[in-house]
Amino acid sequence: MLRKNKGSVLIITLIVFSIISLICLTCCSLVYSTIKNSNLELKSLILKEKSLSGIEIVYNNMKSEINDIIDSSNNKDEFINCFRKDNFKSFILKSKDISQSELKNVELEIANKTNFGEVEKLEFVAKATSIENSHKKEIKVKIQIKNPWIEVENIYKEIDVKQSIEYEYFESEEYDLYNENIKEQEDSVDINSIKDEMKKQKLIIIYDYEEL
Amino acid sequence: MECIVSMFLLMLLGTIIGISFQSVYRFLEINKTNIEIVNIAQEYINDKKYSIKNSSTEVIEFYEETQIDKYEIKSKLTKLENYNQCYELNLIVSYSGKSIEVDTYVTKE
(Lines give C-alpha, C1' and ligand atoms only; values in the text may rest on other atoms or scores of the structure.)
Protein backbone atom coordinates (compact mmCIF):
# COMPACT_ATOMS: atom_id res chain seq x y z
CA MET A 1 0.00 0.00 0.00
CA LEU A 2 2.80 2.35 0.99
CA ARG A 3 4.76 1.41 -2.09
CA LYS A 4 1.77 2.22 -4.32
CA ASN A 5 1.53 5.78 -2.89
CA LYS A 6 5.24 6.46 -3.27
CA GLY A 7 5.80 9.93 -4.87
CA SER A 8 2.17 11.08 -4.63
CA VAL A 9 2.82 13.32 -1.56
CA LEU A 10 5.56 15.19 -3.37
CA ILE A 11 3.38 15.62 -6.46
CA ILE A 12 0.45 16.98 -4.41
CA THR A 13 2.82 19.30 -2.49
CA LEU A 14 4.29 20.56 -5.76
CA ILE A 15 0.84 21.22 -7.23
CA VAL A 16 -0.30 23.09 -4.07
CA PHE A 17 3.02 24.99 -4.00
CA SER A 18 2.72 26.13 -7.59
CA ILE A 19 -0.96 27.14 -7.23
CA ILE A 20 -0.41 29.16 -4.06
CA SER A 21 2.81 30.75 -5.43
CA LEU A 22 0.86 31.78 -8.52
CA ILE A 23 -1.87 33.34 -6.35
CA CYS A 24 0.74 35.23 -4.29
CA LEU A 25 2.48 36.51 -7.43
CA THR A 26 -0.83 37.67 -8.91
CA CYS A 27 -1.68 39.49 -5.68
CA CYS A 28 1.73 41.22 -5.64
CA SER A 29 1.46 42.28 -9.29
CA LEU A 30 -2.09 43.59 -8.71
CA VAL A 31 -0.92 45.69 -5.77
CA TYR A 32 2.05 46.94 -7.77
CA SER A 33 -0.20 48.07 -10.63
CA THR A 34 -2.54 49.80 -8.13
CA ILE A 35 0.42 51.73 -6.69
CA LYS A 36 1.48 52.72 -10.21
CA ASN A 37 -2.08 53.92 -10.84
CA SER A 38 -2.11 56.06 -7.69
CA ASN A 39 1.22 57.62 -8.71
CA LEU A 40 -0.32 58.37 -12.10
CA GLU A 41 -3.26 60.04 -10.35
CA LEU A 42 -0.82 62.33 -8.57
CA LYS A 43 0.89 63.23 -11.86
CA SER A 44 -2.51 63.66 -13.46
CA LEU A 45 -3.55 66.14 -10.74
CA ILE A 46 -0.39 68.22 -11.23
CA LEU A 47 -0.80 68.25 -15.03
CA LYS A 48 -4.52 69.00 -14.79
CA GLU A 49 -3.87 71.99 -12.54
CA LYS A 50 -1.24 73.21 -15.01
CA SER A 51 -3.71 73.01 -17.89
CA LEU A 52 -6.40 74.72 -15.82
CA SER A 53 -3.90 77.46 -14.95
CA GLY A 54 -3.50 78.04 -18.69
CA ILE A 55 -7.28 78.37 -19.04
CA GLU A 56 -7.37 80.80 -16.07
CA ILE A 57 -4.77 83.00 -17.77
CA VAL A 58 -6.77 82.89 -21.01
CA TYR A 59 -9.82 84.03 -19.00
CA ASN A 60 -7.80 86.84 -17.41
CA ASN A 61 -6.40 87.99 -20.78
CA MET A 62 -9.85 87.89 -22.38
CA LYS A 63 -11.30 89.90 -19.50
CA SER A 64 -8.75 92.70 -19.87
CA GLU A 65 -9.13 92.65 -23.68
CA ILE A 66 -12.91 92.94 -23.38
CA ASN A 67 -12.57 95.85 -20.95
CA ASP A 68 -10.43 97.67 -23.55
CA ILE A 69 -12.96 96.88 -26.28
CA ILE A 70 -15.84 98.18 -24.11
CA ASP A 71 -13.89 101.43 -23.68
CA SER A 72 -13.39 101.83 -27.41
CA SER A 73 -16.90 100.85 -28.52
CA ASN A 74 -20.21 102.72 -28.29
CA ASN A 75 -22.73 100.22 -29.62
CA LYS A 76 -23.19 96.49 -30.25
CA ASP A 77 -21.85 96.59 -33.82
CA GLU A 78 -18.69 98.46 -32.86
CA PHE A 79 -18.11 95.93 -30.05
CA ILE A 80 -18.37 92.98 -32.44
CA ASN A 81 -16.34 94.70 -35.18
CA CYS A 82 -13.44 95.19 -32.76
CA PHE A 83 -13.12 91.38 -32.64
CA ARG A 84 -13.84 90.83 -36.32
CA LYS A 85 -11.45 93.46 -37.75
CA ASP A 86 -8.69 90.89 -38.38
CA ASN A 87 -10.83 87.76 -38.19
CA PHE A 88 -10.30 87.40 -34.40
CA LYS A 89 -6.54 86.86 -34.90
CA SER A 90 -5.21 89.59 -32.59
CA PHE A 91 -7.82 88.82 -29.90
CA ILE A 92 -6.88 85.10 -29.93
CA LEU A 93 -3.14 85.87 -29.91
CA LYS A 94 -3.48 88.25 -26.94
CA SER A 95 -5.76 85.81 -25.11
CA LYS A 96 -3.36 82.89 -25.29
CA ASP A 97 -0.26 84.88 -24.34
CA ILE A 98 1.16 83.17 -21.24
CA SER A 99 4.69 84.52 -21.68
CA GLN A 100 4.42 86.77 -18.62
CA SER A 101 3.49 83.89 -16.32
CA GLU A 102 5.73 81.20 -14.89
CA LEU A 103 3.82 78.42 -16.63
CA LYS A 104 6.08 76.05 -18.52
CA ASN A 105 5.32 73.16 -20.86
CA VAL A 106 1.76 74.36 -21.41
CA GLU A 107 0.41 74.82 -24.91
CA LEU A 108 -2.76 76.74 -25.64
CA GLU A 109 -4.99 76.63 -28.68
CA ILE A 110 -8.02 78.84 -29.19
CA ALA A 111 -10.38 78.46 -32.13
CA ASN A 112 -13.18 80.80 -33.12
CA LYS A 113 -16.57 79.07 -33.38
CA THR A 114 -18.79 82.15 -33.72
CA ASN A 115 -21.59 81.81 -36.26
CA PHE A 116 -21.41 84.14 -39.24
CA GLY A 117 -23.44 87.30 -38.62
CA GLU A 118 -23.90 86.62 -34.89
CA VAL A 119 -23.84 89.84 -32.83
CA GLU A 120 -25.22 88.75 -29.46
CA LYS A 121 -22.43 86.43 -28.40
CA LEU A 122 -19.04 85.13 -29.47
CA GLU A 123 -18.06 81.49 -29.17
CA PHE A 124 -14.56 80.06 -28.78
CA VAL A 125 -13.08 76.65 -28.04
CA ALA A 126 -9.91 76.62 -25.94
CA LYS A 127 -7.63 73.62 -25.53
CA ALA A 128 -4.84 73.57 -22.94
CA THR A 129 -2.19 70.83 -23.09
CA SER A 130 0.39 70.30 -20.37
CA ILE A 131 3.29 67.96 -21.01
CA GLU A 132 5.79 66.48 -18.56
CA ASN A 133 8.19 63.79 -19.73
CA SER A 134 5.98 61.18 -21.39
CA HIS A 135 2.80 62.30 -19.63
CA LYS A 136 0.30 64.63 -21.23
CA LYS A 137 -3.00 66.14 -20.12
CA GLU A 138 -5.44 67.94 -22.39
CA ILE A 139 -8.37 70.02 -21.25
CA LYS A 140 -10.95 71.45 -23.62
CA VAL A 141 -13.45 74.15 -22.69
CA LYS A 142 -15.97 76.26 -24.55
CA ILE A 143 -15.92 80.02 -23.96
CA GLN A 144 -18.84 82.32 -24.61
CA ILE A 145 -18.53 86.10 -24.62
CA LYS A 146 -21.73 88.10 -24.35
CA ASN A 147 -22.15 91.43 -26.11
CA PRO A 148 -22.92 93.85 -23.23
CA TRP A 149 -24.37 96.48 -25.57
CA ILE A 150 -27.31 94.21 -26.46
CA GLU A 151 -28.74 94.52 -22.95
CA VAL A 152 -28.17 98.29 -22.82
CA GLU A 153 -29.81 98.80 -26.22
CA ASN A 154 -32.76 96.61 -25.16
CA ILE A 155 -33.29 98.79 -22.07
CA TYR A 156 -33.25 101.93 -24.22
CA LYS A 157 -35.67 100.32 -26.70
CA GLU A 158 -38.05 99.56 -23.80
CA ILE A 159 -37.83 103.20 -22.66
CA ASP A 160 -38.62 104.37 -26.22
CA VAL A 161 -41.64 102.05 -26.48
CA LYS A 162 -42.88 103.21 -23.07
CA GLN A 163 -42.52 106.83 -24.14
CA SER A 164 -44.40 106.30 -27.39
CA ILE A 165 -47.28 104.53 -25.57
CA GLU A 166 -47.45 107.27 -22.97
CA TYR A 167 -47.34 109.90 -25.69
CA GLU A 168 -50.78 108.80 -26.90
CA TYR A 169 -52.29 109.49 -23.49
CA PHE A 170 -50.45 112.63 -22.62
CA GLU A 171 -51.56 115.97 -23.83
CA SER A 172 -48.85 117.83 -25.72
CA GLU A 173 -47.88 120.26 -22.91
CA GLU A 174 -47.73 117.53 -20.31
CA TYR A 175 -45.68 115.36 -22.61
CA ASP A 176 -43.17 118.13 -23.24
CA LEU A 177 -42.56 118.44 -19.53
CA TYR A 178 -42.32 114.66 -19.21
CA ASN A 179 -39.92 114.49 -22.13
CA GLU A 180 -37.69 117.17 -20.65
CA ASN A 181 -37.48 115.22 -17.41
CA ILE A 182 -36.55 112.05 -19.27
CA LYS A 183 -33.85 113.91 -21.20
CA GLU A 184 -32.40 115.30 -18.00
CA GLN A 185 -32.33 111.79 -16.53
CA GLU A 186 -30.67 110.40 -19.66
CA ASP A 187 -28.01 113.10 -19.61
CA SER A 188 -27.24 112.35 -15.99
CA VAL A 189 -26.52 108.72 -16.91
CA ASP A 190 -23.01 109.11 -18.16
CA ILE A 191 -21.77 106.74 -20.87
CA ASN A 192 -18.67 106.03 -18.81
CA SER A 193 -20.73 104.85 -15.88
CA ILE A 194 -22.62 102.50 -18.23
CA LYS A 195 -19.29 101.16 -19.45
CA ASP A 196 -18.09 100.70 -15.87
CA GLU A 197 -21.25 98.74 -15.12
CA MET A 198 -20.64 96.58 -18.20
CA LYS A 199 -17.14 95.76 -16.97
CA LYS A 200 -18.55 94.52 -13.67
CA GLN A 201 -20.88 92.08 -15.42
CA LYS A 202 -19.91 88.46 -15.99
CA LEU A 203 -19.48 88.59 -19.75
CA ILE A 204 -17.27 85.52 -20.17
CA ILE A 205 -18.80 82.11 -19.52
CA ILE A 206 -16.63 79.00 -19.49
CA TYR A 207 -18.60 75.77 -19.95
CA ASP A 208 -18.47 72.20 -21.31
CA TYR A 209 -15.27 71.26 -19.48
CA GLU A 210 -13.73 68.14 -20.99
CA GLU A 211 -10.64 66.16 -20.05
CA LEU A 212 -9.14 64.45 -23.10
CA MET B 1 13.41 11.64 1.34
CA GLU B 2 10.11 12.49 -0.33
CA CYS B 3 8.65 13.65 2.96
CA ILE B 4 11.66 15.87 3.72
CA VAL B 5 11.39 17.59 0.31
CA SER B 6 7.63 18.04 0.81
CA MET B 7 8.18 19.49 4.28
CA PHE B 8 10.80 21.86 2.89
CA LEU B 9 8.42 22.95 0.12
CA LEU B 10 5.61 23.53 2.61
CA MET B 11 7.91 25.64 4.80
CA LEU B 12 8.95 27.64 1.72
CA LEU B 13 5.28 28.06 0.83
CA GLY B 14 4.51 29.37 4.31
CA THR B 15 7.38 31.85 4.05
CA ILE B 16 6.22 33.01 0.58
CA ILE B 17 2.65 33.50 1.83
CA GLY B 18 3.87 35.43 4.89
CA ILE B 19 6.19 37.70 2.93
CA SER B 20 3.62 38.41 0.21
CA PHE B 21 0.83 39.17 2.71
CA GLN B 22 3.13 41.49 4.64
CA SER B 23 4.28 43.36 1.52
CA VAL B 24 0.75 43.57 0.09
CA TYR B 25 -0.48 45.09 3.37
CA ARG B 26 2.43 47.58 3.45
CA PHE B 27 1.95 48.58 -0.20
CA LEU B 28 -1.78 49.00 0.29
CA GLU B 29 -1.16 51.30 3.26
CA ILE B 30 1.21 53.43 1.14
CA ASN B 31 -1.32 53.41 -1.68
CA LYS B 32 -4.13 54.51 0.66
CA THR B 33 -1.96 57.41 1.90
CA ASN B 34 -1.16 58.45 -1.71
CA ILE B 35 -4.81 58.42 -2.72
CA GLU B 36 -5.85 60.36 0.39
CA ILE B 37 -3.12 62.97 -0.21
CA VAL B 38 -4.28 63.46 -3.83
CA ASN B 39 -7.94 63.70 -2.80
CA ILE B 40 -7.21 66.19 0.00
CA ALA B 41 -5.09 68.33 -2.35
CA GLN B 42 -7.82 68.28 -5.00
CA GLU B 43 -10.59 69.20 -2.57
CA TYR B 44 -8.53 71.93 -0.92
CA ILE B 45 -7.66 73.48 -4.31
CA ASN B 46 -11.29 73.37 -5.48
CA ASP B 47 -12.47 74.92 -2.23
CA LYS B 48 -9.94 77.76 -2.36
CA LYS B 49 -10.57 78.38 -6.06
CA TYR B 50 -14.30 78.66 -5.46
CA SER B 51 -13.88 81.14 -2.59
CA ILE B 52 -11.38 83.27 -4.57
CA LYS B 53 -13.47 83.27 -7.77
CA ASN B 54 -16.67 84.24 -5.98
CA SER B 55 -15.19 86.64 -3.45
CA SER B 56 -17.10 89.93 -3.38
CA THR B 57 -14.22 91.81 -1.75
CA GLU B 58 -10.57 92.20 -2.70
CA VAL B 59 -8.68 88.90 -2.33
CA ILE B 60 -5.91 89.08 0.25
CA GLU B 61 -2.66 87.15 -0.13
CA PHE B 62 -2.13 84.56 2.60
CA TYR B 63 0.05 81.81 3.97
CA GLU B 64 -1.61 79.19 6.14
CA GLU B 65 -0.75 75.89 7.75
CA THR B 66 -3.57 73.55 8.65
CA GLN B 67 -4.04 69.95 9.64
CA ILE B 68 -6.69 67.64 8.19
CA ASP B 69 -6.64 64.31 10.08
CA LYS B 70 -3.00 63.22 9.93
CA TYR B 71 -2.11 65.32 6.89
CA GLU B 72 -0.32 68.64 7.15
CA ILE B 73 -1.31 71.29 4.61
CA LYS B 74 0.70 74.38 3.75
CA SER B 75 -0.83 76.82 1.29
CA LYS B 76 0.29 80.16 -0.06
CA LEU B 77 -1.62 82.62 -2.23
CA THR B 78 0.26 85.32 -4.13
CA LYS B 79 -0.98 87.86 -6.64
CA LEU B 80 0.62 87.70 -10.09
CA GLU B 81 2.22 91.01 -10.94
CA ASN B 82 1.63 90.92 -14.69
CA TYR B 83 -2.00 89.86 -14.60
CA ASN B 84 -4.83 91.90 -13.18
CA GLN B 85 -6.97 89.61 -11.04
CA CYS B 86 -4.88 86.44 -11.27
CA TYR B 87 -3.46 84.65 -8.22
CA GLU B 88 -1.02 81.78 -7.77
CA LEU B 89 -1.97 79.12 -5.24
CA ASN B 90 0.85 76.91 -4.01
CA LEU B 91 -0.13 73.87 -1.97
CA ILE B 92 1.95 71.25 -0.15
CA VAL B 93 0.26 68.23 1.46
CA SER B 94 2.54 66.01 3.52
CA TYR B 95 2.43 63.03 5.85
CA SER B 96 5.38 61.09 7.29
CA GLY B 97 7.93 61.91 4.61
CA LYS B 98 5.52 61.62 1.70
CA SER B 99 4.47 64.97 0.25
CA ILE B 100 3.08 66.49 -2.91
CA GLU B 101 3.34 70.04 -4.20
CA VAL B 102 0.79 71.51 -6.59
CA ASP B 103 0.86 74.95 -8.21
CA THR B 104 -2.22 76.42 -9.77
CA TYR B 105 -3.54 79.78 -10.96
CA VAL B 106 -6.95 81.22 -10.25
CA THR B 107 -8.64 84.35 -11.61
CA LYS B 108 -11.20 86.32 -9.63
CA GLU B 109 -14.44 86.70 -11.57
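Just so it is clear: chains get the letters A, B, ... in the order the sequence lines come, proteins before strands, and each one is counted from 1. Any value given below was found using the heavy atoms of this structure, including those in side chains, with hydrogens, waters and symmetry copies removed.
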Judged by modelled atom types alone, do [X] and [Y] share a side-chain donor-acceptor pair under 3.5 Å?
X: A:Tyr209; Y: A:Glu211; result: yes
X: A:Thr129; Y: A:Lys136; result: no
X: A:Lys146; Y: A:Gln201; result: no

Flag the pair [X] / [Y] as yes when at least one side-chain heavy-atom distance between them is below 4.5 Å, and no otherwise.
X: A:Glu78; Y: A:Asn75; answer: yes
X: A:Leu47; Y: A:His135; answer: yes
X: A:Cys24; Y: B:Ile16; answer: yes
X: A:Arg84; Y: A:Ile80; answer: yes
X: A:Asn37; Y: A:Glu41; answer: no

Requested in this report: Name the option with the most non-hydrogen atom pairs under 4.5 Å to chain A; the candidates are B:Ile37, B:Ile45, B:Ile35.
Outcome: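 So the answer, after comparing B:Ile37, B:Ile45, B:Ile35, is B:Ile45.
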Query - Between B:Val38, B:Leu13, B:Leu9, the one whose heavy-atom pairs under 4.5 Å with chain A are most numerous - result: B:Leu13
Report task. Write out, in numerical order, the residues from residues 96-109 of chain B with a heavy atom short of 4.5 Å from a heavy atom in chain A. Result -> B:Lys98, B:Ile100, B:Glu101, B:Val102, B:Asp103, B:Thr104, B:Tyr105, B:Val106, B:Thr107, B:Lys108, B:Glu109
Query raised in the report: For chain A, which residues from residues 73-81 of chain B lie under 4.5 Å away (heavy-atom distances)?
Result: none
Show every donor-acceptor pair shorter than 3.5 Å between a side-chain atom in residues 26-33 of chain B and any protein atom, with sequence neighbours excluded, or say none if there are none.
unit_1  : atom_1 : unit_2  : atom_2 : d
B:Asn31 : OD1    : A:Ser38 : OG     : 2.7
B:Thr33 : OG1    : B:Glu29 : O      : 2.9

**Report entry** Part of residues 96-124 of chain A lying next to chain B, heavy-atom separation under 4.5 Å
**Finding:**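 A:Asp97, A:Ile98, A:Ser99, A:Gln100, A:Ser101, A:Glu102, A:Leu103 fall under the 4.5 Å cut-off.
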Requested in this report: Ignoring hydrogens and angles, tell me if any N or O in the side chain of B:Asp47 forms a donor-acceptor pair with the backbone of B:Glu43 under 3.5 Å.
Outcome: no
Report task. Give a yes or no answer on whether the side chain of B:Glu2 reaches the backbone of A:Val9 with a donor-acceptor pair at less than 3.5 Å. Result -> yes
Query - Pi-cation contact, B:Tyr87 with B:Lys48 (under 6.0 Å, within 45°) - result: no
Query raised in the report: With a 4.5 angstrom heavy-atom cut-off, which part of A:Asn61 approaches chain B: side chain, backbone, both or neither?
Result: side chain
Query - Side chain, backbone, both or neither of A:Thr34 within contact of chain B (heavy atoms, under 4.5 Å) - result: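 A:Thr34 touches chain B through backbone and side-chain heavy atoms alike.
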Report task. Would you please test A:Phe83 and A:Phe79 for ring pair (Phe, Tyr, Trp, His ring centres under 6.0 Å) and show each step? Result -> CA-CA 7 Å; A:Phe83 291 94; A:Phe79 181 84; 5.2 Å; yes
